[in-house]
Amino acid sequence: MKPFNHAEFEAAAQAAWATADVYRAYENDPRFPKGKYYCVSMLPYPSGKLHMGHVRNYTINDMMYRYLRMNGYNVLMPMGWDAFGLPAENAAMKANVAPAKWTYENIADMKRQCQAMGWAIDWSRELATCDPAYYKWNQWFFLRMLEKGIAYKKTGVVNWDPVDQTVLANEQVIDGRGWRSGAPVEKREIPMYYLRITDYAEELLAYLDRMPGWPERVKTMQANWIGKSAGVRFAFTHDIRGEDGKPIGDGRMYVFTTRADTIMGVTFCAVAAEHPLATHAAKSNPKLEAFIAECRRGSVMESDLATMEKKGMSTGLFVTHPISGEAIEIWVANYVLMSYGDGAVMGVPAHDERDLEFAQKHGLPIRQVLENTLVYDEQQRALHPRSKDPYLYFDATEPWKAWYADKSGVLTINSGKYDGKTHEEAVEAVAADLAAMGLGEKKITFRLRDWGISRQRYWGTPIPIVHCAACGDVPVPEKDLPVVLPEDCVPDGSGSPLVKRADFVDTACPKCGGPGKRETDTLDTFVDSSWYFMRYANPHAPTMVDPRNDYWNPIDQYTGGITHAILHLLYARFWTKVMRDMGLVHMDEPFTKLLTQGMVLNHIYSRRTDKGGIDYFAPAAVEVVHDEAGHVVGARSKVDGKPVDYDGVGTMSKSRLNGVDPQDMVDRFGADAARLFVMFAAPPEATFIWSDAGVEGAHRFLRRMWTFAQTHADTVKSAAGTFDWRDAAASVKTARRELHLALKQANYDYERIQYNTVVSAGMKMLNALEDVPAGAAGSAALVREGLAILIRVLYPVVPHIGCALWADLGFTGEHGPLLDARWPQVDPLALAQDEIELVLQVNGKLRGKVVVASSADKAAIEAAVRASPDLARHTAGTPIKRLVIVPGKLVNVVV
RNA sequence: GCCCAGGUGGUGAAACUGGUAGACACAGCGGACUUAAAAUCCGCGGGCGCCUCACCGCGCCGUGCCGGUUCGAUUCCGGCCCUGGGCACCA
């Protein structure tokens with residue numbers, strides 16, 4: 001028998017694939033009658049090593065590829081590298097190496113690892129986003145968007161490190177301090193480029209309903225992110241004049257509200273720290289100025305803003321209530337965001353949770369204007385909700401939710417002329433009155449903000465703009481593209497190294513020829529990943545896209561981490577629509593079907609050091625302590641034997657030492673075993689917590705399959721030809737039924753992309769084949785049929801061993817090479833049974849079984865049930881009230 | 001804080017449209033083979049209790065917790081708890 005040597009047959013298979021270039025895809029390939037199928041995985045960041053998430057992601061994609069190809073599709077699976085970004089700069093600082101060199105070496109390493117995994121990648125289409133031939137088109141398209149007004153410039157807020165004099169990414173801000181300097185981070189406004197994604201908000205939202213191939217949860221997340229809300233935008237008037245003597249904002253302070261029906265409950269207004277009225281008031285109020293400065297310190301992250309204590313300070317300024325004419329005090333509040341709406345809100349403490357908290361803290365009046373909503377408690381000076389109905393006392397952080405809630409039967413009170421109106425009536429009446437006064441109108445707003453694409457970083461696509469003293473911001477002409485990023489910079493953490501590169505910065509103004517300075521900001525890396533899947537279709541085209549793009553795109557099946565559910569997927573959708581509107585592509589949406597792969601988590605172990613720091617321990621370096629029942633009660637280090645803390649589970653990361661290197665698994669057990677195990681461990685969409693306990697099991701299964709196939713090689717060859725299964729022995733018929741049941745399950749699970757049970761089905765097949773008694777009538781024919789099915793069903797998971805066995809058993813002659821062999825079919829005759837077993841329940845509890853002919857009708861089943869001794873034993877003569885018969889499944893007797 | 005998802009044996013999980021909970025595996029235990037070990041093969045396996053010399057068998061409970069709908073709920077509905085992920089400059 002040929003010995004099992006995974007290193008040998010894996011290398012042989014990979015070499016054969018490479019030599020024949022079998023994964024190269026061609027447009028309109030006549031070999032594949034069912035047409036194109038474009039399946040793409042989100043491109044990896046080239047960190048240098050494949051991690052478990054990659055193995056999972058690309059194996060899922062590889063299984064689709066192979067399954068679909070055997071089913072007649074012209075499949076393309078490309079690969080590229082999301083090569084720009086912060087990690088390369090961090091590595092550069094640590095190792096004093098240029099990000100470019102680090103990145104290119106990592107790409108080479110990772111490409112080798114991909115090839116060792118046996119993935120069916122068409123490498124002729126490989127791209128790296130840091131290649132000028134790629135990012136040239138980022139620049140070109142950015143300039144087209146600038147022409148169309150989709151790209152524009154305005155100031156934006158960033159994290160600023162006052163010591164390093166540099167902009168910090170959110171991940172570089174730790175507990176409000178710069179990661180390198182330790183200095184408290186400040187917010188700073190700088191000019192940046194933005195893309196008008198908000199112009200597409202309505203379409204991005206509306207199309208979600210036309211995307212049946214996307215998971216509901218992702219669509220919900222995107223819809224919430226876009227955050228459409230219908231309300232009223234109106235102005236409070238005032239006569240607050242600036243230094244120029246003119247009224248600030250033309251004497252109007254605009255607010256947006258979804259709850260115009262509560263307008264008579266306004267007892268204060270709140271503005272963001274950056275609001276012009278706040279700035280104005282601070283000029284004559286040092287305390288307020290200090291408060292605004294305090295608001296400027298700290299993070300720009302939404303999660304931090306939301307959990308901060310609600311702080312505020314009065315400006316001493318007043319605006320006029322548009323309906324009542326009352327003077328309303330303006331406060332500066334840290335929970336009001338300048339970037340949402342107009343940076344000002346009306347405060348209705350009686351019917352808004354956050355306003356209430358704010359009013360209680362600062363002693364502001366509370367005025368109830370909806371009946372039956374809140375009970376005012378004099379003692380506590382607080383309003384308690386009488387009901388948890390979301391309308392009655394709604395959560396103001398999600399105004400659009402309240403809008404959709406049931407609002408029937410609640411009337412306005414204490415509201416003058418609006419008394420006694422329902423919510424809808426009151427909103428309409430208030431909106432109409434405000435419109436008549438010329439102060440406001442009904443408006444749809446979105447939570448979605450325009451996409452800021454400027455990054456004050458080195459390792460990214462240079463923004464193709466030249467600043468000229470005479471001409472202003474001048475776009476680089478198309479003939480001068482790409483603006484090439486110098487690849488020999490080594491960042492040191494203090495600002496962008498590009499700024500210090502005179503050879504890059506100093507240039508001639510393209511317009512007047514005078515001295516100009518290049519923009520040193522680079523584009524957000526989300527720009528790179530917004531259209532790379534189009535470039536795969538025409539990787540070397542002299543234009544951004546060409547007609548080959550229309551052949552492959554849109555992507556039929558897109559696979560990637562759930563972590564990208566919002567940002568990347570939304571940006572790519574937006575980008576595609578802009579390209580469509582410019583006539584470059586002819587599709588509305590880029591991703592027809594989406595699979596969001598679950599994360600791979602691992603346990604985290606740590607120990608506090610004497611100095612207050614944290615030491616992490618790799619799970620492999622920790623011995624877990626169990627109690628008698630097998631439950632985990634603690635852990636200790638394998639090195640010093642002392643206890644370590646268990647911190648739960650989290651994503652695999654270098655810093656927490658809980659990553660697992662797939663290469664190690666591949667070296668010890670082979671790529672097929674690694675692939676099989678990762679696919680078997682959990683369904684593709686589920687989060688799974690890593691455990692390497694099963695890898696050996698996967699390897700053992702492959703050995704078993706190999707041994708079975710090799711020992712039966714002669715049987716298989718001698719059993720060629722057709723066999724009439726009606727002549728098979730009963731035991732052979734039973735085994736064959738199990739085989740075809742497993743095949744049916746596998747087919748179903750391939751279609752619904754549940755690959756863990758595909759593996760189970762393969763295991764069941766092998767179990768059934770091993771139980772076939774040698775020498776029984778038809779046993780040789782069944783072993784032959786079974787192996788031919790088993791190898792094909794598992795081939796998408798374990799292609800290397802599949803190819804080796806396929807050839808060794810001589811199936812190539814009958815079915816052709818495994819790569820393009822036809823997918824096996826279920827034989828309905830193999831599934832047919834003469835008798836079936838029905839489950840017998842009494843009052844819903846399992847009480848026995850009844851065997852009836854498979855053709856039995858309801859009357860026959862009922863007769864069999866009534867005759868059943870199991871029934872008699874459990875009913876003891878109690879009359880039967882009802883008989884529920886589920887054909888083919890069970891009978892429930894109700895007594 | 002908000003949004004999204006998940007919670008089933010010692011462990012990973014399965015259960016397709018509301019119909020036998022735990023398929024298929026891992027770890028474990030028992031046995032066979034072996035001078036021995038590894039490998040391989042066979043068997044056992046949710047909890048509690050009962051019956052019995054033993055086999056065969058029986059009852060109750062059980063899918064995070066509380067409640068509801070139903071002949072029947074891991075599955076549907078309401079409320080709660082816990083865990084993970086995202087929150088716009090990580091990719």
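These figures come from a predicted structure and were not determined experimentally. What's counted below: heavy atoms across the whole structure, side chains too, no hydrogens, waters or symmetry copies.
Between the CD atom of A/Glu770 and the P atom of B/C24 there is a distance of 13 Å, given to the nearest Å. Residue A/Leu570 contributes atom CG, which lies 14 Å from atom C1' of B/C3 at whole-angstrom precision. The distance between atom CG of A/Asn658 and atom P of B/G84, rounded to the nearest whole Å, is 12 Å.
When heavy atoms are screened at a 4.0 angstrom cut-off, A/Arg882 is found touching base atoms of the nucleic acid. Counting non-hydrogen atoms under 4.0 angstrom, A/Asn767 reaches the backbone sugars and phosphates but no base. Nucleic acid contact for A/Gly650: sugar-phosphate only, since backbone atoms but no base atoms lie under 4.0 Å from a heavy atom of the residue. At the heavy-atom level, A/Val839 lies under 4.0 Å from base atoms of the strands shown. Counting any heavy atom pair closer than 4.0 Å across all strands shown, A/Phe701 reaches no nucleic acid atom.
Residue A/Arg700 has its side chain nearest to B/C26 when only B/C26, B/A25, B/A23 are considered. Of all nucleotides listed (B/A25, B/A14, B/U20), B/U20 comes nearest to the side chain of A/Gln841. Nearest nucleotide to the side chain of A/Arg752, out of B/C16, B/U20, B/G85: B/C16.
Using atom P as the reference point in both B/G85 and B/C80, the two lie 23 Å apart (nearest Å). When the C1' atom is compared between B/G18 and B/G68, the two are found 15 Å apart, to the nearest whole Å. Nucleotides B/U70 and B/C16 are separated by 23 Å at their P atoms, to the nearest Å. With both ends at atom C1', the span from B/C26 to B/A14 equals 15 Å, rounded to whole Å.
An OP1 or OP2 oxygen of B/G59 is reached within less than 4.0 angstrom by a side-chain nitrogen or oxygen of A/Arg847. In terms of phosphate contacts, A/Lys845 brings no side-chain nitrogen or oxygen within less than 4.0 Å of OP1 or OP2 of B/G19.
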**Complete:** Scoring nucleotides 86-91 of chain B by protein non-hydrogen atoms under 4.0 Å (B base, S sugar-phosphate only, - none) yields -BBBSB
